[in-house]
Structure formats: structure tokens, C-alpha cells
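Lettering of chains follows the sequences in order, A, B, ..., and the numbering in each one begins at 1.
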Number of protein chains: 2
Amino acid sequence: MASLKDLAKLVGVSPTTVSFALNGRSREMRISEELTERILEAAKQLGYQPNNIAVALRTGQTKIIGLIVEDIANHFFSNLAKTIEDEASRFGYRVVYCSTENMAGKGDELINMLQRQQVDGYLITPDASMEERMTALLKRDIPVVQIDRYLPGLDCPYVMVDNHQGVVSGVEFLLKKKYTRISFVTVDLDMIQMKERKLGFVETMTAHGLFKNKKQLLELPYSSVREDAVERIQAYLEKEKPQAVLFATNYVGILGLRAIKNLQLNVPDDLAVVCFDDNEVFDLCTPAITAIRQPIESMARGAVKILMGEMGVAKKSARKQVKIQTSIVRRDSA
Amino acid sequence: MASLKDLAKLVGVSPTTVSFALNGRSREMRISEELTERILEAAKQLGYQPNNIAVALRTGQTKIIGLIVEDIANHFFSNLAKTIEDEASRFGYRVVYCSTENMAGKGDELINMLQRQQVDGYLITPDASMEERMTALLKRDIPVVQIDRYLPGLDCPYVMVDNHQGVVSGVEFLLKKKYTRISFVTVDLDMIQMKERKLGFVETMTAHGLFKNKKQLLELPYSSVREDAVERIQAYLEKEKPQAVLFATNYVGILGLRAIKNLQLNVPDDLAVVCFDDNEVFDLCTPAITAIRQPIESMARGAVKILMGEMGVAKKSARKQVKIQTSIVRRDSA
DNA sequence: CATTATTGCTAATTCGTTTTAGCCATTGTT
DNA sequence: AACAATGGCTAAAACGAATTAGCAATAATG
């Protein structure tokens, strides 16, 4: 591929001049308009593309941000990623994304990899295992923003949904519909966002004098196999026979719907359903599933904005701990 | 971050020696075992990470492949991307992915961007607008493999599904169930994979003397708005009242289900449904949707393997035009 | 007319690696 | 004892751009 040097040779000037001309520094560097014109012309004609690798090495900036999510094939994360990519591109940044796949150690490995790639900043949905490496990044003043959750031990910006309020509104929605025996099906993941959701449920139910005992909670082992999880939900529903159930995540919701289908329960008459985090699936289910929607766009935008602030590309954000409100998408399942 | 030079200084040897030691060339380059040990030790202690940017500049290899898909938020593509990423990592390659979002010109822009990033190879789901730029890549002997479809004018490897056979099997499946008034709902996209699917339908129906007229085909404008498309399908189904419908893509299928739901049709009694390309949604629908499954994993694996062959990383593949067979996932909708 | 400013451009260094060519000391060969 | 072979290491160049410092020619100034 044609290099800047080739281009210089072609025009018959020094690489320095070409560099100035291409970077719009002609005026400042007193390159005559006529020469600048000729250089630009030649660049176009050669189809010159700057070698970003060389630029990055020289400038120390790759103009790339690293995005680490749990699983890029997951609806929530792939949409998040897409919006982040769009948003970042408006600042001239590219995004490279990677999934931890919930594998121990994978997060660390990915941070290492992105570090070797010299990304300029990080957008991370963290888990506890990454705390050490993230601390190291922060100590070296490398811009990091957490999304969807945060590690309480870290002094690091985050953008997430107000999980507590989200669940509270979901429970209250069910209460208004006169359901009283409500269950909460979640995953036993020790992350802040899951804790907040659980707390939201327990507190609201307790406040209404409806939290009788722990059997209203089903906590699935985080790393259980799909089939096992479905079976556990099935067994639970059969035994406890709640009037309504609130699924704590999209993924759990899908497992739950599978279980409900296996049991041939009639929704919402036998069992009302609300799911935290919406999914294009839900609209097509019969009946369509009511969900607590996370505003994916706002989250992505917010996170990118803060990150750009940290990187000195945009105005530094004042608020660096952002919780965005959820909304209820009323459908037919409750 | 610590550089190789820092490391050399710390150990008290030349950068050359350190480079050899870290790259496992100690034996070959006669670096004593004792010194090698000391270097490795110091590297670990410093937490040394090679700067891939510098490596890439020097070696001319980024160990990155560029993946261009239509829309990363789409179930099919995000799963494809995920498998490709896994597969590539087994060869020591990273993947950066981008979506064309069906926007004119975006594909070219993305190829440019990846070119500037100096990616070592390309995996592309092409559209006609990219032909020129892809030709340019091929002329420069840059490895490119097409996925999911191909441009007939290009001498370039591809991995895709046998669309023709897939639709044939779908139609025959419906015929075996004694449906005779079958419709095919597709999108008026002038790409080979869509042509093959349409042809598969028309040919099979004709062979059985069941292709009466063009009204058995509904071709939606490619870039129509979601709501418009749903409405058109609705109107079509009401007017033509087919016994069974075969949706040509996942996306069209979802629109179709929406339409069917709006019409409150009873599936499969009022209308049987089969969709080309499976989706996790389909299993949860009531009734669950029968689908023609594309083996995403095989496609991803096949494409990566050919690409690695082209890049000289793996054995060069003999077959470079691969069509993979589909299978029918029998559920309740037909 | 001598000095200083300005204009228009370039040589040379740098970023962090890899790699080629080669240096010095020791050992082996005749 | 002279010479080659080997062992153990390093100096320097290169990749492709950005940038700093500066050079020559012309114009402006007193």
C-alpha cells in the first residue's frame, strides 16, 4: 500500500510537507496553497490511506476503545455494543469488543489483550475477578467506565440502570393488579446489580406485608446448565404455585418461559409474568410478556460520553455515577 | 507501560537479547539458559506486555482479521461473529467487527477503515456496493472470504448455506403435510442467497404443479419500515389466504409472526408457518415455529479455516466454494 | 544597505519492536 | 602455534508516520 513516503516522492516534496498538508496544518506550517492542493490531489489519486499502526505508534493514540461485555451474542449486550459503536464513531473512535463468556480468568486475559493493543480507554461490564486488573488500570490513569454494574471497591465511573427502582416499579405494578403471592426468580450472582434487584423485591414486598418467607425467592446457581435451570424453575413453580413471578434478568426470563411452557400454565391466569430487561422475543410470545425495560441507548450514550470526558476528547462529565430509570412495557402477561 | 528497552536495562542486557528470549528463540540464538531465565523472570515481575502496535509495524502483521456483517445486533450475525471470534482465537487472531447497517457506502467505508487498521484478512458478508473495493483487495492479494452469500463477479472464496436445497426441503416438508396452497414471503434483495431461496421455492412448487401464479410470492421492499412491512404481510395473508407460508429470512419471519398475531390467526390450523433461519425466539412462540436451520458454527469454522489457509496460517483449503446443508427443526407451527 | 522577519519548505529524530549482520572470547583442530 | 569453529551476546537498521528544530530565500524595517 502506498505510504506517505511514496506520496512525497511522487509529488517531489519531503514527507514532512506531505504530513502537514494531509493533516490540515498547511496554513500553520506555511505550506503554499498550490502545493497543498497538489499533494491532496496526488493522495486521492494514489488512494493513499494512512497506516493507523504507524500513527498509533508515533502518537501513542490508537483511537480505539475496548469494550468488554459478558456475552456479545446476548440481545442486551449486542444492542448495547451496537449503540456504543455508533456513539464512539461520532468522536472518531473505533470499538473492539470481547466477551468474557462468564469464564473465570477470561476477563483478565481480555484486559491484557486490549492493553497490548494499546486501546485508549475501556468500557467494562465488570465482575469481581477483574477488580485487581481494573485497579491497576486506574492507578495508571487509564480511562475506564463501568457499564450495567459496578465494583463497589473501585473509584471508577459507571453507568447503569436503577435496578432497585426498576424492580420496585415492577412489583408495584403486580400489586396494583391485585397479585399478592409474588415470587422473584434470580441468579445467585454476587454482583451489585443483582443485589439491588433482589433488595428491591424484598423491601417492597415487606413494606406491603407480603414477604412471608424465603420461598418467595428462587436463586438459580449462576453457572448452571440451561436444562437444569429450566427444571429447577419448573419444580419451583409447581411446588410454590405463585400467582405472579418476576424474573430478574432477560436470560432467566427466557428459561422461565420455557419452564412455564413445559408446565402448560396459562399466562396470566394461572401465572402472571414480568421480566426485568426487555427482549424482542417478548413481543412475539403468546401472551406477550410485560417487561421492565432498560434504556439501552441512554446507557450506551452516557457511558461513551463519560469515557470521552475521561480521555480528554469531550468535556469532562460532572456526574460520573449514573443510574438511569427503567420503564415498564405493559403487554399481556401481567 | 514497561517497554522491552526498560526490561533490557533492568536485566542489564541488550534489547536484542530480550527480544530473542521472550520470543522463544534462545536456543536458536544461543542465549544461555541462565540469562533467558533471568529475562523471563524480570518480564513477569515488571508485568511486561509487548506493544502490539510496535510489533505490527515491524512485522507487518496485526494478527487481526476484519469481519463485516450486516447488523451485529441481529441474532444470526451476532452468533456467527461469536463463533468466528472463538475460532480465530485458536489461531492466535483477534477479530474486529463492524456492521454495514444496510447503509449505502458504509461497506466501503468499513473496508477503508479496516485497511487503515492493517487487518491481515477479511471476512465479509458482501453486498453489490462493495464489489469494487473487494476487487481491489483481491488484486492486492489480500485474503478475503465471503460468508452467507457471494458476489458472482468475484473470484473469491465463500462459505454459505445451500439456500436452494434448504428451501426445497422446507417446501417438501410442507407438501408432505398436505399443504398445497403455499406462499413464500421474501425481501426484494438482489443478492445471490435470496435468489437461490426464491428459485428453490418456485422450482419445487412448479415441479409439483402447484405454482399457479405470482401471487404465491410476496416480495417486500428491502428497506421498508418495520410497520409498513408488517402491514403488507397482513394485507397479503388476508387477501391470498394461503394454507402455509415460508418466510425467507429470520427477520422477515419475525415480521410475519407479528402480522399473524395481529390477524389472530391460528397456527398451524389457519396457517402453517416455516421460517428460513432459526432463532431462539421460535422455540418460545406458541406454537413453536418450525425452522430451516443454518448451521452457524460450521459456517463460521469453515470460513475461518479457509481464511487462515489464504493467510498462510493453516493448510490451504482445497475447496474454497463451500455450501453447507441446512436441516429442518420440526416444531409445532407446521 | 545591513539587519530582522517572514515565507516555504526539509532533515533528522522518535515511537517499540524484530531482525540482520557481526563482534569478541573461548574451544577445537591440525 | 595458527586457524577455524562455536558460543554468547549486541549495534544498527527498519517499519510508517508525526514533530521539532532549522535552513535558505525573499520581504520588511530602520
message: Whole angstroms only, please: what is the CE-P distance between Met29(A) and dG8(C)?
response: 14 Å

query: Within the structure shown, what part of the strands sits under 4.0 Å from Arg27(B) by heavy-atom distance: base, sugar-phosphate, or nothing?
result: nothing

message: So, taking the atom named CD1 in Ile68(B) and the one named OG in Ser99(B), what distance separates them when rounded to the nearest 0.5 Å?
response: 10.0 Å

task: List in numerical order all residues of residues 14-22 of chain A for which some heavy atom is under 4.0 Å away from an atom belonging to DNA chain D.
output: Thr16(A), Ser19(A), Phe20(A)

message: Under 4.0 Å, counting only non-hydrogen atoms across every strand here, what does Arg116(B) touch: a base, just sugar-phosphate, or nothing?
response: nothing

- prompt: Between Asn23(A) (CG) and dG16(D) (P), how many Å, whole number?
  reply: 17 Å

field: Interatomic distance where NZ belongs to Lys5(B) and P belongs to dT13(C) [whole Å]
entry: 14 Å

message: Let me spell it out: for each of Ser32(B) and Leu57(B), pick the nucleotide of DNA chain D with the closest heavy atom. Which residue's pick is nearer the 5' end?
response: Ser32(B)

message: So which atom in Pro157(A) and which in Ile306(A) form the shortest heavy-atom distance, rounded to 0.1 Å?
response: CB-CG2, 3.8 Å

field: Nucleotide dT7(C), atom C1' - distance to CD of Glu33(A) in whole Å
entry: 14 Å

- prompt: Given dG16(C), is OP1 or OP2 found less than 4.0 Å from the side-chain N or O atoms of Tyr48(B)?
  reply: no

query: Is Glu87(A) salt-bridged to Lys305(A), going by a charged N under 4.0 Å from an acidic O?
result: no

message: For Arg27(B), I'd like to know if atom CZ has over 12 heavy atoms of other residues, nucleotides or ligands within 6.0 Å.
response: no

Separation of dT19(C) C1' from Leu4(B) CG (nearest whole Å): 13 Å

- prompt: Out of dG16(C), dT10(D), dA18(D), which has the shortest distance to the side chain of Thr59(A)?
  reply: dA18(D)

Separation of dT20(D) C1' from Arg25(A) CZ (nearest whole Å): 10 Å

Phosphate OP1/OP2 of dT13(C) contacted by Arg58(A) side-chain N/O (<4.0 Å): no

Could I get a table of every N or O pair under 3.5 Å where one atom is in the protein and the other is in nucleotides 4-6 of chain C?
none

statement: Among the nucleotides dC9(D), dG16(D), dC15(C), whichever has the atom closest to the side chain of Ala54(A) is dG16(D)

- prompt: Just how far, in rounded Å, is P of dA18(D) from CD1 of Ile39(A)?
  reply: 13 Å

field: CD/Glu37(A): more than 12 non-hydrogen atoms of other groups inside 6.0 Å
entry: no

query: Between Glu70(A) and Arg149(A), is the closest basic N to carboxylate O distance under 4.0 Å?
result: yes

- request: Quickly work out the Gln118(A) CD to dT17(C) P distance and round it to whole Å.
  value: 8 Å

message: Tell me every residue that passes side chain to side chain donor-acceptor pair (under 3.5 Å) with Asn74(B), counting only those two or more places apart in sequence or in another chain.
response: none

message: Does a side-chain N or O of Asn52(A) approach OP1 or OP2 of dA17(D) to a distance below 4.0 Å, or not?
response: no

- prompt: Do Tyr97(B) and Tyr97(A) have ring centres separated by under 6.0 Å?
  reply: yes

- prompt: When we call it a touch if two heavy atoms are under 4.0 Å apart, what does Ile53(A) touch: a base, just sugar-phosphate, or nothing?
  reply: nothing

- prompt: Does a donor on one side chain and an acceptor on the other come within less than 3.5 Å for Ser78(B) and Ser78(A)?
  reply: no

message: Could you check whether atom CD of Glu28(B) has more than 12 heavy atoms from other residues, nucleotides or ligands sitting under 6.0 Å from it?
response: yes

